[in-house]
Number of protein chains: 2
Amino acid sequence: MQDAPNRPYHHGDLRRAVIETALDMLREEKGWQFTLREVARRAGVSHAAPYKHFPDKAALLAELAMIGFDRLRESLSAAKPKAPKSLRDEITTIARAYVAFGTDNPALYRLMFSAEEGKSVGMHLNERALAVFDVLLEILRRGQAAGRIRKRPIEGQAAAGWGLVHGMTMLAIDGLLVPEKVGSAPLDAALSTLVEGLGSPAT
Amino acid sequence: MQDAPNRPYHHGDLRRAVIETALDMLREEKGWQFTLREVARRAGVSHAAPYKHFPDKAALLAELAMIGFDRLRESLSAAKPKAPKSLRDEITTIARAYVAFGTDNPALYRLMFSAEEGKSVGMHLNERALAVFDVLLEILRRGQAAGRIRKRPIEGQAAAGWGLVHGMTMLAIDGLLVPEKVGSAPLDAALSTLVEGLGSPAT
DNA sequence: TATACATTGTTGACAGTGGCTACTTATGCG
DNA sequence: CGCATAAGTAGCCACTGTCAACAATGTATA
């Protein structure tokens, strides 16, 4: 990372480098309790350099969390099938993508949901989080319009969907989805129940 | 807490006092990142005294997490209606109790699901966690036997139930269940979808 | 082109924390 | 009376976030 001994005095793009390094560290560790100094170390700059780009550590954390939500939304959008064969197909595909994002980036995912405890930045962060929520809303809306989903208040159905995938993601990250208790494919099984709860009975 | 200046040299029951104090602190703060020294301070003993009862901080955390799971299981057992009027009644009641436990003890709840990262103690901790899971399994088992719940692999249904309540609890703790997005009673709405997914279509 | 200014990085340090360990002191019990 | 237990005192040591002062570099302007 900080190999080149002849690096120029000015990094040139340290802000991005700090973020990138922090994301790397999040990928390696399970918790998001890294230190600013270590980020600086691995980015190959002095321990105070990041302060030229972030007022404090919380600002970096907030930025990382926002990036996380953005990436999650992108993952979901990318995974969303253009022409879903069925409601089950559509829900399952996108839910799998959601949980996969969490299990692939456990530390980042945890951070995303822990960082907005600093209330002030909270609004912006919530915006990003709720943008993810909108992806889910859109699916449900179209499903209802097509008659494939029960006519129920859509926010409630969305809450069920989000709650379920968020919960399954967290349980998976924390290693609590042990096959002896929860079966070999707990996510698919849980989604099955969800789909049966969302889908129109006629179907 | 440590008011009495004429307290005896030997506390007498410091182990319990440390746990009690730590639980108090968890009740007040949102995170579980308290320090052993502060626990000792508030318990009115020196900062090294707790080490006579716990080998290290992780041991205390693990103990607290186990207590948390035990209490959660007790809460659920206590809330479980003896003669449920309906499947919806039964599920809703117990799920509300679950989420209430989490929102009433956010720091403890978070700790419960973060502490077993130290793998070695993990097995014992998982035992307690899975005992909670068993409460859920029991409800589903009886529901299936009574024909009120669809015949599906019960672990999958349990995964759906646990995932949903865990997710809703976490979202609630993290303040992401904003009414504008998710409605005024997101939990009840989500449970509605769950019940419709679990319940026999005939009903 | 030369010079002043703003930007960005470095060095060093401060103040506080925090887990943990040795060693000492008090207490209760056999 | 003596020993095991439990508590206190002191301190190590590493680390962290943050700031202030200084240095190097880029940029705009006279």
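To find a chain, count down the sequence lines: A is the first, B the second, and so on, and within it residues start at 1.
Atom CG of A:L60 and atom P of D:dG17 are 10 Å apart (whole Å). Between the CZ atom of B:R42 and the P atom of C:dG18 there is a distance of 14 Å, given to the nearest Å. Remark: P of D:dT18 and CG of A:L61 are 10 Å apart, rounded to the nearest angstrom. Taking atom CZ of residue B:R15 and atom P of nucleotide D:dA7, one finds them 12 Å apart after rounding to whole Å. The separation between B:F54 atom CZ and D:dA7 atom P is 11 Å, rounded to whole Å. Atom CG of B:L14 is separated from atom P of D:dA7 by 5 Å (rounded to the nearest Å). In this structure, B:Q33 atom CD and C:dG19 atom C1' are separated by 15 Å, rounded to whole Å. Distance A:Y51 OH to D:dG17 P: 6 Å, rounded to the nearest Å.
Distances were taken from every side-chain heavy atom of B:A49 (C-beta onward) to each of C:dT8, D:dA7, C:dG19; the shortest belongs to D:dA7.
Checking each of A:V132, A:I139, A:T93 against A:L76 for a side-chain contact (heavy atoms from CB on, under 4.5 Å) leaves exactly one that passes, namely A:V132.
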* **Under 4.0 Å protein heavy-atom contacts per nucleotide of nucleotides 10-16 of chain D, with B for base, S for backbone only and - for none** => BB----B
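A distance of 5.5 Å separates CZ of A:R148 from CD of A:E90, quoted to the nearest 0.5 Å.
Across the interface with DNA chain C, nearest-nucleotide mapping of B:K52 and A:K52 shows A:K52 to be the residue nearer the 5′ end.
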Donor-acceptor list for residues 179-194 of chain A side chains, cut-off 3.5 Å, not counting sequence neighbours:
| unit_1 | atom_1 | unit_2 | atom_2 | d |
| --- | --- | --- | --- | --- |
| A:K181 | NZ | B:D134 | OD1 | 2.8 |
| A:K181 | NZ | B:D134 | OD2 | 3.4 |
| A:D188 | OD1 | A:R96 | NE | 3.1 |
| A:D188 | OD1 | A:R96 | NH2 | 3.2 |
| A:D188 | OD2 | A:R96 | NH2 | 3.1 |
| A:S192 | OG | A:R88 | NH2 | 2.4 |

Pairs under 3.5 angstrom only: tabulate donor-acceptor contacts from the side chains of residues 47-54 of chain A to other protein residues two or more places apart or in another chain.
none

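B:Y109 and B:F101 have perpendicular rings, their planes meeting at more than 60° on a 0 to 90° scale where under 30° would count as parallel. Taking the six-membered ring where the residue is Trp, A:F113 and A:H166 present tilted rings, their angle falling between 30° and 60°.
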